[in-house]
Participant: 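Before I ask anything, let me first share the structure, which is written out below as structure tokens.
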Amino acid sequence: MTTAPTTAPKVQNPNYSEAFQSGVREEMKRNPGIFILGTDLIERGGHFAQVKGIAQEFGHERVKDSPISEAAMVAAGVGAAMYGCHPIVDLNFIDFAFGAMDEILNQAAKIRFMFNGKVPLVIRATSGVALGGAHHCNSLESLFASTPGLSVAVPSTPMDVKGLIKTALRAEDPVIFLMHKKLSGIRGEIADENYFIPFGKAKSIRTGTDAVIISYGYSLVTAQKAAQTLEAEGVSVEIIDLRTLYPLDEQAINDAVKKFGRVVVLDEAPMFGSITAEIAATATERNFSSLKGPIVRVGGARAPISANPAMADAAIPTVASIIKAVKQVMSY
Amino acid sequence: MTTAPTTAPKVQNPNYSEAFQSGVREEMKRNPGIFILGTDLIERGGHFAQVKGIAQEFGHERVKDSPISEAAMVAAGVGAAMYGCHPIVDLNFIDFAFGAMDEILNQAAKIRFMFNGKVPLVIRATSGVALGGAHHCNSLESLFASTPGLSVAVPSTPMDVKGLIKTALRAEDPVIFLMHKKLSGIRGEIADENYFIPFGKAKSIRTGTDAVIISYGYSLVTAQKAAQTLEAEGVSVEIIDLRTLYPLDEQAINDAVKKFGRVVVLDEAPMFGSITAEIAATATERNFSSLKGPIVRVGGARAPISANPAMADAAIPTVASIIKAVKQVMSY
Amino acid sequence: MTIPDKKTSLGLLRQMMVIRDFEETADKLSLRGKVSGGMHNSSGQEAVAVGVLSALAPLDVIATTHRSHHHTLAKGFTSREIMAELFTRSTGISGGRGASMHLGDVTKGHFGGNGIVGAGVGIAMGAALGIQQKGDKKVSVGFIGDGGMNTGRTWEAVNMAVIWKLPLIVVVDNNQYAVETFVGRVTGGGDLAKRAEGFGMKAFNIDGMDVLEVRKYVSEARERALAGEGPSFINALTYRYYGHNVGEKGQYRTQEEIDTWKSTKDPIDHFTAVVIENGYADQAAIDEMRASVRAEIEDAVAFADASPEPDISTIYDDIDSGKLGVQL
Amino acid sequence: MTIPDKKTSLGLLRQMMVIRDFEETADKLSLRGKVSGGMHNSSGQEAVAVGVLSALAPLDVIATTHRSHHHTLAKGFTSREIMAELFTRSTGISGGRGASMHLGDVTKGHFGGNGIVGAGVGIAMGAALGIQQKGDKKVSVGFIGDGGMNTGRTWEAVNMAVIWKLPLIVVVDNNQYAVETFVGRVTGGGDLAKRAEGFGMKAFNIDGMDVLEVRKYVSEARERALAGEGPSFINALTYRYYGHNVGEKGQYRTQEEIDTWKSTKDPIDHFTAVVIENGYADQAAIDEMRASVRAEIEDAVAFADASPEPDISTIYDDIDSGKLGVQL
Ligand SMILES: Cc1ncc(C[n+]2csc(CCOP(=O)(O)OP(=O)(O)O)c2C)c(N)n1
Ligand SMILES: Cc1ncc(C[n+]2csc(CCOP(=O)(O)OP(=O)(O)O)c2C)c(N)n1
Ligand SMILES: [Mg+2]
Ligand SMILES: [Mg+2]
């Protein structure tokens with residue numbers, strides 16, 4: 001269970017990146033083994049200002065500007081983590097993880113199992129479909145979540161960003177920490193330094209009575225819009241934010257399926273092979289008799305993402321496509 | 001539909017690697033733009049002798065021994081394919097693709113869409129769980145199949161190896177061609193030079209009346225054993241070999257679900273997030289009312305693969321686990 | 001440096017002016033929201049692009065980086081089709097799918113700008129292998145930034161080109177910064193030609209602000225490549241006048257540094273002086289050239305602005321050929 | 001080369017003998033099916049392993065390659081726990097999960113053998129960063145083969161170590177072949193120290209058949225690293241007597257080449273002569289040493305053979321800590 005904030009937030013209405021800074025700062029104060037490495041972290045504090053000011057506060061030994069060497073960046077994090085530090089490797093965009101796949105999937109994920117070692121490592125990156133074209137809009141959530149040894153956080157609010165990064169920095173596992181481009185601007189409350197969000201605990205972010213949408217990340221914003229429209233039409237939709245993709249909150253998923261029997265699973269990754277397949281398949285296998293009809297998946301097109309804004313939008317779920325899916329499950 | 005062999009096979013009872021050689025040789029004779037690059041291809045013909053003798057027959061310009069530079073190997077293939085050749089990049093083990101992920105997933109897969117170009121490229125590798133330890137036993141089928149722009153072949157017989165590689169070498173797309181380690185020893189008929197197997201056409205490799213197992217690759221061998229045991233117990237199981245994972249033969253899957261209503265989907269990848277999730281989720285969504293109960297997935301453990309043989313075996317589906325799944329669907 | 005004939009020289013100058021005007025115009029349009037997803041301005045680096053491309057044949061291949069307007073213009077694509085691409089219109093070089101960072105047309109030997117540091121050099125190396133396989137008399141040029149010098153696969157590609165003697169020219173468009181990171185701070189050893197020589201590649205550190213110097217080294221590299229003597233590495237020192245991406249400034253370099261490069265090394269000013277000195281043009285001719293360039297860019301903007309948006313239903317086109325499933 | 005004291009010298013010699021006997025014994029056992037998944041025999045390369053590890057402190061870190069029995073033995077792990085690992089028994093260094101290719105125990109400064117060419121150097125570089133962050137007086141050694149010299153990330157790691165002045169020593173266990181591929185055929189430039197120098201790393205090409213030379217260069221590199229002077233690169237030329245993997249032969253090198261290396265450069269023969277020459281031992285003492293080594297390896301085999309198989313239910317253990325889900 002998530003713990004309620006114990007005191008008022010210190011940063012007034014911070015944005016998504018400031019929430020990250022806040023969590024990282026608190027943990028860096030407490031644990032001298034935490035350091036950050038990535039490109040362009042010192043002056044601008046990273047492309048999304050996610051570590052802005054931290055180099056100035058903690059010094060250049062604890063915020064290290066790296067060359068464009070993703071394999072070495074992750075390897076540096078892996079080796080230092082094995083040695084007893086708790087590095088945060090900031091990959092900037094998650095797409096750049098392609099240059100460090102062996103380090104992440106074959107090394108970091110397996111060392112605990114193979115070599116009697118811990119790998120307390122956070123790999124942070126900005127993810128999600130937005131402008132910028134195909135090379136910067138890969139959805140890799142399913143890849144990471146399906147790799148034994150990795151955990152994956154996909155926070156959708158400043159509160160969750162802070163609560164999850166703090167948990168990641170107290171644990172001893174390699175964590176992929178994905179922050180969605182299109183959530184950069186959102187603001188909200190954050191909790192104080194004693195608030196930790198456990199991995200594997202989903203959260204209901206909208207209560208409803210007729211059907212449930214299970215999702216995460218930016219798709220929740222679209223889902224909320226769809227739910228509002230549906231509300232006006234008399235359909236009451238619950239929305240569940242998974243918050244982490246591994247571990248998955250199976251309990252919350254099973255409960256929701258049992259309660260509603262009408263289930264939509266949503267994300268923006270190309271649908272074929274996305275994490276929504278895992279969620280739908282397992283939820284169906286476990287709760288078949290509770291389903292009023294098949295779980296409906298809503299996902300992205302099987303297409304690279306175009307730079308043209310309208311084409312980019314057309315490749316991911318829209319309010320309309322979500323409404324259609326909900327109506328589909330309501331038709332059972 | 002697959003075409004029946006038009007003449008008798010030329011190689012008598014070839015093995016899996018010889019079937020590959022046969023298909024490649026025929027296409028190389030026909031198309032001077034086909035060449036092969038990879039490590040240790042000339043003397044030994046690759047670690048599985050998959051191109052043995054081809055350098056000697058076609059010369060060192062068409063079979064190029066490469067340094068251990070997976071990124072450059074794939075990039076070489078991509079650039080040469082864009083230029084108008086049809087390279088076969090032999091990655092040896094598919095795990096080494098980790099070193100070329102950007103080249104495969106971000107470049108090769110997207111160039112047609114982005115830059116008005118064709119990428120007629122085959123990336124061949126040996127895949128699957130076997131001995132050799134965790135670094136060499138990654139199951140990446142779902143990753144490749146879920147990437148827009150890539151196609152994935154997973155042949156299980158010499159006949160299919162030859163028929164599919166020939167199709168791949170006549171097409172103009174990047175194809176991931178996965179040959180399972182534990183199938184290296186199998187032998188069987190192959191067809192003549194006019195036999196091509198289209199991608200996206202599954203094949204029933206065992207007929208049955210009670211339930212169906214949908215699978216591919218080495219898992220089919222285990223499935224056959226399970227089916228034999230079940231037969232003795234009075235349960236008649238059909239087995240479908242998908243042969244390619246993208247495109248998937250949706251028609252064959254839908255037909256099987258409709259016909260049997262009792263469906264097991266099987267592979268050896270760690271189950272969470274595997275391609276069996278996609279198959280089960282989509283098949284359920286499309287054919288819910290035909291199902292007598294939920295599709296049951298059988299897959300690997302969420303664990304790195306151990307070098308110890310018994311531990312390695314325990315991490316993937318066994319005859320017993322398949323029988324259990326079939327009995328589960330028979331209980332509906 | 002011997003100067004080419006008048007027509008060629010004026011062509012080089014005009015091409016550099018086109019790039020500069022294009023970039024400064026696009027920059028302003030981008031700030032006004034016309035360019036989707038930002039743009040990487042190459043102002044200051046014109047001599048590299050024009051020097052390289054003027055030394056190539058039209059059918060030679062290039063593959064480049066996220067900062068590629070200048071290379072693409074110099075390769076002979078029109079201001080119209082590139083401006084339209086920045087506006088993500090259907091008339092753009094990449095049909096609006098690419099915007100600033102992903103300019104390319106494989107069928108015309110442009111193997112793409114690239115969102116990924118280091119990717120272009122690998123693809124160019126592959127194209128060089130294709131050229132060699134087919135026995136064609138062409139070369140392939142891979143552009144890369146100083147930031148890409150620390151990306152491992154760059155050196156895999158360099159090594160492969162050396163051992164296979166591929167007709168590849170690696171050109172480092174070395175503007176000395178990767179976003180806010182000074183090349184000297186993250187680049188061990190410092191001497192990039194020496195790095196490349198360590199892999200056995202013929203390598204040169206040259207002045208990337210001098211279009212004739214760039215042109216000369218690339219011409220020679222091309223000759224060697226066509227003669228079967230293998231690849232070359234050309235590290236062209238240059239400078240980026242604007243921020244990394246449009247609208248960015250940052251404290252990572254001084255205004256004084258920027259001003260010094262602009263006032264003492266500007267490639268257009270420098271080559272304008274050379275052209276005048278050689279009697280190829282007087283100030284009036286230069287002014288006229290600049291005006292015609294202005295008109296060309298204005299026209300490009302108008303063209304882009306008037307161009308239709310792509311049909312969004314086409315996002316499902318060109319993912320794959322669909323032919324794998326067809327009986328052959 | 002000044003020779004160390006008697007005890008040290010005899011220790012070096014005995015350690016090399018242990019490795020040779022271990023490898024030749026394991027090779028035979030592997031051919032008899034006792035070793036699961038093959039093994040990479042390091043016979044011939046003993047001087048590299050022993051020279052390096054004898055120059056390190058026990059708590060220094062190493063990370064290595066698929067060919068790592070020799071490094072692991074020289075680091076001080078027992079023949080028993082390594083032989084047991086080859087037999088994939090629960091008493092093995094990796095609990096039977098790793099076999100020949102994946103020997104490691106992070107808690108003891110062995111950051112793993114590796115199935116992936118190039119991976120070990122990156123991890124060692126990271127360990128060096130960890131050492132620097134903690135301000136410890138240690139170094140980290142990353143072993144790599146000649147084949148790994150063409151893997152891009154090797155050079156990313158080299159560069160990062162240089163710019164951050166990490167206490168890293170890269171040791172190339174250069175046996176001149178990657179499987180069947182001669183280093184000279186795929187390695188542009190040829191001079192590996194020069195490659196590393198191109199990245200600003202202090203670099204040396206040395207004789208990897210001479211245990212004292214290896215030891216000397218590594219000692220000096222260690223001193224420099226501890227003094228904050230940054231990393232070093234040591235390319236140790238050596239030779240692999242057996243096939244790449246057990247049972248392999250191949251036509252890629254001549255028997256004459258193998259025989260020449262064995263008869264003129266063998267590290268054990270060579271150092272035995274040095275030891276005798278220095279009066280540290282006579283032939284009888286050497287024979288006795290060899291016999292005691294034999295007994296040790298026999299014991300290791302017996303131990304491995306008698307060791308229990310791992311409990312297969314443990315495949316679900318140690319995947320992750322399980323603590324992320326726990327309230328902190
Ligand atoms: C592999 C990878 N890592 C990081 C980035 C983010 N990024 C985009 S451009 C850039 C700087 C590149 O610098 P340089 O190579 O010098 O080119 P320039 O921008 O100066 O033209 C970075 C870090 C990227 N696109 N790709
Ligand atoms: C990234 C990667 N590519 C290919 C391989 C397959 N492979 C295993 S060992 C080896 C040769 C390595 O040669 P070298 O680095 O010289 O080490 P040696 O075997 O000589 O000790 C190759 C190609 C691998 N393990 N990892
Ligand atoms: Mg730059
Ligand atoms: Mg070697």
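Lettering of chains follows the sequences in order, A, B, ..., and the numbering in each one begins at 1.
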Participant: Might you point out which heavy atoms bring B:S306 and D:I315 nearest each other, and give the distance in Å?
Facilitator: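 So the two residues come closest at OG-CG2, 4.4 Å.
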
Participant: Looking at B:S69 and D:N150, what are the two nearest heavy atoms and their distance?
Facilitator: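 Smallest heavy-atom distance, with atoms named: OG-O, 2.5 Å.
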
Participant: Of all heavy-atom pairs between B:F96 and D:G115, which one has the smallest distance, and what is that distance?
Facilitator: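 Answer, listing the atom of B:F96 first, then D:G115: CE2-O, 4.2 Å.
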
Participant: Can you tell me which portion of D:I319 sits under 4.5 Å from chain B's heavy atoms? Options are side chain, backbone, both or neither.
Facilitator: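 The side chain, not the backbone.
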
Participant: Is the count of non-hydrogen atoms from other residues, nucleotides or ligands lying under 6.0 Å from B:K324 atom NZ greater than 12?
Facilitator: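 No, not enclosed.
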
Participant: Using the side chain to side chain contact (heavy atoms under 4.5 Å, CB included) rule, take D:M101 and B:H136 through it: C-alpha gap first, then chi angles, then the decisive distance, then the call.
Facilitator: CA-CA 10 Å; D:M101 199 155 50; B:H136 283 67; 3.5 Å; yes

Participant: What part of B:T39 gets within 4.5 angstrom of chain D, counting heavy atoms only: side chain, backbone, both, or neither?
Facilitator: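 It is neither, since no heavy atom gets under 4.5 Å.
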
Participant: Which atom names give the shortest non-hydrogen contact between D:T314 and B:M311, and what distance separates them?
Facilitator: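 Minimum heavy-atom contact is OG1-CE, 3.5 Å.
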
Participant: Check whether any side-chain N or O of D:S36 sits under 3.5 Å from a backbone N or O of B:N308 as a donor-acceptor pair, and report yes or no.
Facilitator: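 Checking the backbone N and O of B:N308 against the side chain of D:S36, no donor-acceptor pair under 3.5 Å is found.
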
Participant: Under 4.5 Å heavy-atom distance to chain B, tell me which part of D:D317 shows up: side chain, backbone, both or neither.
Facilitator: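 When you check distances to chain B, no heavy atom of D:D317 falls under 4.5 Å.
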
Participant: Mind running side chain to side chain contact (heavy atoms under 4.5 Å, CB included) on B:D40 and D:T181 for me, showing each step along the way?
Facilitator: CA-CA 6 Å; B:D40 304 303; D:T181 304; 2.7 Å; yes

Participant: Should B:H47 and D:V179 count as side-chain neighbours, where that means a heavy-atom distance under 4.5 Å?
Facilitator: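 Contact flag for B:H47/D:V179 side chains = yes.
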
Participant: Measuring heavy-atom distances to chain D, does B:A71 have an atom under 4.5 Å in its side chain, in its backbone, in both, or in neither?
Facilitator: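 Looking at B:A71, nothing touches chain D.
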
Participant: Which heavy atom of B:L131 sits nearest to which heavy atom of D:G37, and what is that distance?
Facilitator: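 Here B:L131 and D:G37 meet closest at CD1-N, 4.1 Å.
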
Participant: Is it the side chain or the backbone of D:E248 that comes within 4.5 Å of chain B heavy atoms, both, or neither?
Facilitator: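 D:E248 touches chain B through side-chain heavy atoms alone.
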
Participant: Atom CZ in B:R302, atom OH in D:Y316: separation rounded to 0.5 Å?
Facilitator: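 B:R302 CZ to D:Y316 OH: 12.0 Å, rounded to 0.5 Å.
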
Participant: Do you know which of D:H66, D:R185, D:H102, D:E309 has the most heavy-atom pairs with chain B at a distance under 4.5 angstrom?
Facilitator: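 Among the listed options, the one with the most contacts to chain B is D:H102.
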
